[in-house]
Amino acid sequence: MAWRSSGHSNEGLIDNLFKHGLIKSPKVKEAMMKVDRANFCPDATSAYEDSPQPIGHSATISAPHMHANAVESLLPYLHERARILDIGSGSGYLTAVFAELACPETGKPEVQAGEKARVVGLENIPALRDLGEMNMAKTPRGRKLLDSSQVQFVVGDGRKGWGDEKGWDAIHVGAAASELHQKLIDQLRSPGRLFIPVEDPTSRWGDQHIWVVDKDENGNVKKKQMYGVRYVPLTDAPPGTAKAEDAGIP
Ligand code: SAH
């Protein structure tokens with residue numbers, strides 16, 4: 001099904017994913033239409049395939065249907081005042097899709113006046129932090145979001161989360177964790193949702209599953225194991241990579 005959803009243009013790819021039920025939400029479809037995957041894939045000729053693509057540093061941009069799953073799961077938390085953390089932002093594609101949902105061009109007037117959404121892409125490899133930002137800056141819309149600091153790309157170890165006590169409405173993790181890191185759960189707002197692939201410690205075959213962790217208004221936490229997946233692991237930054245922890249977010 002995944003491969004059948006490929007297209008010859010961004011519009012064709014997203015239309016096919018929608019037709020085949022791999023994108024279910026019209027809102028998610030609209031957001032993915034606005035983010036041209038060719039701006040985030042080093043090899044533009046395969047940008048519209050529903051498959052992962054290498055982006056260097058042993059990382060990949062995930063397949064579009066996987067991105068759609070993640071966005072649809074987090075959708076109730078991607079509102080116009082949301083604080084969204086995209087751990088393992090890699091190409092920056094998903095960070096850009098989150099921004100399309102949480103920072104619409106014509107936002108609600110009451111939100112325009114108050115605190116606006118923030119989307120942070122977090123990478124432990126500085127070159128990939130730069131890649132995400134560079135890819136996003138390829139369009140005037142992306143540059144505007146970066147200039148306004150509504151979207152930022154930062155360097156740090158995603159296993160520790162990011163930022164101050166404000167916490168996050170939605171945390172997406174784009175690489176497999178060895179455990180359900182408590183620090184990420186602690187950084188969820190009430191309510192908030194964490195979407196994270198986790199390695200199964202009992203599996204001899206390196207099985208991984210998506211876990212969805214919800215914190216409700218009263219701070220109660222519910223953890224749910226979803227479907228099996230295959231992601232690259234969350235790791236230490238490779239030796240020799242600068243440990244440039246960015247200077248916090250405004
Ligand atoms: N969502 C990205 C996925 C990139 S692959 C995309 O679709 O483009 C996973 C990413 O996780 C890689 O870019 C890798 O550098 C990053 N990563 C691995 N370990 C990490 C860690 N400890 N902290 C932050 N990012 C990490």
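Quick caveat: nothing in here was measured; it's all calculated off a predicted structure.
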By side chain to side chain contact (heavy atoms under 4.5 Å, CB included), which residues pair with M226, not counting sequence neighbours?
->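 M226 satisfies side chain to side chain contact (heavy atoms under 4.5 Å, CB included) with I210, V212, K224 once adjacent residues are dropped.
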State yes or no: do [X] and [Y] share one hydrophobic cluster built from I, L, V, M, F, W and Y residues joined by side-chain heavy-atom distances below 4.5 Å, directly or via other members?
| X | Y | answer |
| --- | --- | --- |
| I14 | L75 | yes |
| I23 | V229 | yes |
| V232 | I196 | no |
| V71 | Y77 | no |

Verify, without hydrogens or angle tests, whether [X] (side chain) and [Y] (backbone) share a donor-acceptor contact under 3.5 angstrom.
| X | Y | value |
| --- | --- | --- |
| S46 | E49 | no |
| R83 | G167 | yes |
| S6 | D50 | yes |
| E72 | V28 | no |

Measure across A70 and L94 and return the closest heavy-atom pair with its distance rounded to 0.1 Å.
->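 Closest heavy-atom pair between A70 and L94: CB-CD2, 4.5 Å.
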So Q152 and V119, side chain to side chain contact (heavy atoms under 4.5 Å, CB included) or not? Walk me through it.
-> CA-CA 6 Å; Q152 279 189 299; V119 187; over 6 Å; no
I need the full list of salt bridge (Lys or Arg N to Asp or Glu O under 4.0 Å) pairs touching [range], with sequence neighbours left out, sorted by first then second residue.
| range | value |
| --- | --- |
| residues 86-102 | E100-R141 |
| residues 34-44 | E30-K34 |
| residues 172-201 | D169-R189, R193-D214 |

Pairs in or reaching into residues 225-238: which pass side-chain hydrogen bond (donor to acceptor under 3.5 Å, both in side chains), with residues at least two apart or in two chains?
->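 Output for this query lists R159-D236.
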First locate atom [atom1] of [X], then atom [atom2] of [Y], and finally report the distance between them rounded to the nearest 0.5 Å.
| X | Y | atom1 | atom2 | answer |
| --- | --- | --- | --- | --- |
| S91 | M134 | OG | CE | 11.0 Å |
| H67 | L22 | NE2 | CG | 14.0 Å |
| D157 | L122 | CG | CG | 8.0 Å |

Consider only side-chain N and O atoms of S190 and E217, and report whether a donor and an acceptor are under 3.5 Å apart.
->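 There is no such pair (donor and acceptor under 3.5 Å, judged by atom type) between the side chains of S190 and E217.
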Give me the ring orientation class for H172 and F195: parallel if the planes are under 30° apart, tilted from 30 to 60°, perpendicular past 60°.
->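 Judged by the thresholds at 30° and 60°, the geometry between H172 and F195 is parallel.
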All salt bridge (charged side-chain N to carboxylate O under 4.0 Å, His left out) counterparts of E133, not counting sequence neighbours |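 With neighbours one apart ignored, the set is R129.
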Non-hydrogen side-chain atoms of I87 and L184 separated by less than 4.5 Å =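 I87 vs L184: side chains touch.
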